[in-house]
Amino acid sequence: LACGKNVIAVGASNSRNTSPQVDGGIKTYNFKENEVAYFSSYGTLDDGRVLPHFCAPGNMIVAPISTKYTERYSEEALKKLAVKNSINGRDYYWISECGTSMASPHAAGVIACWLQADSSLTVNEILDIAQSTANTSYADYPNPQWGAGNINAYAGMKEVLKRAGVGDVLVENSYKMILKTIGPRQFEVDVPNSEIRDVQIFSMSGQMVFSSSSKIIDASSLSVGVYLIKVLHSKGALIERI
């Protein structure tokens, strides 16, 4: 099904091996995180092309499930689903699922973001960016099931912006702040085509609660809440709410 020359073939990687349950329990799965999913298909075509092109998180993914399905679930079955949220008297559920059917939408969403940055990208250009920036820092790489590795939204976006020459074009909001999660409440901040000078975080009352000349932000000591982040860079300043 993925052999067409204008088709991007996406394998599945293991992003988590536990998931929550509505009843408060934790469901554990018998596979290792940060490895390629055991069920993810791979192979070489007659014309020499190797599939998949790359992988994306697909095992296990917490995703919404249609109410048309959950209306037929028993009370006990509903308790074993991952998440429940009640809005205006109606219950909505999320389920823990696996498959390349979960990995493919992840990749499609990442690529959609890249296309927002440069809508002229072709299939081959997208493949080149995805494969050249894929994450390969996994214990079981280069297992052929990985393809080029795991799609890296952050690295890929930086490559898209670099190729598009965004830094040399004057448009509204030319310089965008990119925040990358690197750990629990830890982030790396970047402004493409500009040098970070200082990073400051303010409470909503205006009090500075964090300051650093580094790109790395460790917010683990801050109370959970909403803050303003101000990034001073060589081309100006950016402020966003986080």
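Hydrogens, waters and symmetry mates play no part in the numbers below; they use all other heavy atoms, side chains included.
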Are [Y] and [X] co-members of a hydrophobic cluster defined by side-chain heavy atoms under 4.5 Å apart?
{"X": "Leu222", "Y": "Phe187", "answer": "yes"}
{"X": "Tyr92", "Y": "Leu81", "answer": "no"}
{"X": "Val123", "Y": "Ile151", "answer": "yes"}
{"X": "Leu228", "Y": "Ile196", "answer": "no"}
{"X": "Tyr227", "Y": "Val189", "answer": "yes"}

Please lay out, stage by stage, how Asp128 and Arg163 fare under the test salt bridge (Lys or Arg N to Asp or Glu O under 4.0 Å).
-> CA-CA 12 Å; Asp128 182 52; Arg163 295 188 185 194; 2.7 Å; yes
Smallest separation among heavy atoms of [X] and [Y], with atom names:
{"X": "Pro57", "Y": "Ser15", "value": "CB-CB, 3.8 Å"}
{"X": "Lys180", "Y": "Tyr154", "value": "CD-CD2, 3.3 Å"}
{"X": "Val62", "Y": "Pro20", "value": "CG2-CD, 4.5 Å"}
{"X": "Asn14", "Y": "Lys32", "value": "ND2-O, 2.9 Å"}
{"X": "Gln145", "Y": "Cys55", "value": "O-SG, 3.4 Å"}
{"X": "Pro52", "Y": "Ser41", "value": "CD-O, 3.6 Å"}

Please check this pair: side chain of [X] against backbone of [Y], looking for a donor-acceptor N/O pair closer than 3.5 Å.
{"X": "Trp114", "Y": "Leu161", "answer": "no"}
{"X": "Gln131", "Y": "His53", "answer": "yes"}
{"X": "Thr44", "Y": "Gly48", "answer": "no"}
{"X": "Ser104", "Y": "Thr100", "answer": "no"}
{"X": "Ser234", "Y": "Glu195", "answer": "yes"}
{"X": "Arg241", "Y": "Met204", "answer": "no"}
{"X": "Thr18", "Y": "Lys27", "answer": "no"}
{"X": "Ser119", "Y": "Gln116", "answer": "no"}
{"X": "Thr181", "Y": "Gly183", "answer": "no"}

Who pairs with Tyr138 by ring pair (Phe, Tyr, Trp, His ring centres under 6.0 Å), at least two apart in sequence or on another chain?
-> Trp146
Is any side-chain heavy atom of [X] closer than 4.5 Å to a side-chain heavy atom of [Y]?
{"X": "Ile178", "Y": "Pro192", "result": "yes"}
{"X": "Met177", "Y": "Leu238", "result": "yes"}
{"X": "Ile126", "Y": "Val160", "result": "no"}
{"X": "Asp140", "Y": "Asn34", "result": "no"}
{"X": "Leu45", "Y": "Leu51", "result": "yes"}
{"X": "Leu179", "Y": "Ile229", "result": "yes"}

Using the side chain to side chain contact (heavy atoms under 4.5 Å, CB included) rule, take Phe31 and Asn59 through it: C-alpha gap first, then chi angles, then the decisive distance, then the call.
-> CA-CA 9 Å; Phe31 55 79; Asn59 191 33; 3.5 Å; yes
Ion pair [X]/[Y], N-O distance below 4.0 Å:
{"X": "Lys80", "Y": "Glu76", "value": "no"}
{"X": "Lys84", "Y": "Asp23", "value": "no"}
{"X": "Asp190", "Y": "Lys215", "value": "yes"}

Sequence neighbours excluded, the answer for side-chain contact (heavy atoms from CB on, under 4.5 Å) partners of Gln200 is Asp198, Phe202, Met208, Ser211, Lys230, Leu232
Let me see the working for Leu78 and Val22 under side chain to side chain contact (heavy atoms under 4.5 Å, CB included), right down to the final yes or no.
-> CA-CA 7 Å; Leu78 290 173; Val22 172; over 6 Å; no
Chi angles and distances behind the side-chain hydrogen bond (donor to acceptor under 3.5 Å, both in side chains) call for Ser86, Asp91 = CA-CA 4 Å; Ser86 300; Asp91 295 335; 2.6 Å; yes
Spacing of [X] atom [atom1] and [Y] atom [atom2] [to the nearest 0.5 Å]:
{"X": "Asp47", "Y": "Lys5", "atom1": "CG", "atom2": "NZ", "answer": "5.5 Å"}
{"X": "Ser221", "Y": "Phe210", "atom1": "OG", "atom2": "CZ", "answer": "8.0 Å"}
{"X": "Ile95", "Y": "Gln21", "atom1": "CD1", "atom2": "CD", "answer": "11.0 Å"}
{"X": "Thr28", "Y": "Met60", "atom1": "OG1", "atom2": "CE", "answer": "11.5 Å"}
{"X": "Glu125", "Y": "Leu115", "atom1": "CD", "atom2": "CG", "answer": "10.5 Å"}
{"X": "Thr70", "Y": "Trp94", "atom1": "OG1", "atom2": "CH2", "answer": "10.5 Å"}

Please report the C-alpha distance between Thr122 and Asn124 in whole Å, then the side-chain angles of each, then the deciding distance to 0.1 Å, and finally whether the side-chain hydrogen bond (donor to acceptor under 3.5 Å, both in side chains) criterion is met.
-> CA-CA 5 Å; Thr122 66; Asn124 288 333; 5.4 Å; no
Show your reasoning for whether side chain to side chain contact (heavy atoms under 4.5 Å, CB included) applies to Arg90 and Thr67.
-> CA-CA 10 Å; Arg90 188 173 185 181; Thr67 303; 3.4 Å; yes
Is atom CZ of Phe39 surrounded by more than 12 heavy atoms (other residues, nucleotides or ligands) closer than 6.0 Å?
-> yes
Count the heavy atoms of every other residue, nucleotide or ligand shown that sit under 6.0 Å from OH of Tyr42, and state whether that count exceeds 12.
-> no
From CA spacing to verdict: side chain to side chain contact (heavy atoms under 4.5 Å, CB included), Ser213, Arg197 = CA-CA 6 Å; Ser213 58; Arg197 299 283 174 81; over 6 Å; no
For Ser13 and Asn150, test the side chains for any donor-to-acceptor distance below 3.5 angstrom and give the result as yes or no.
-> yes
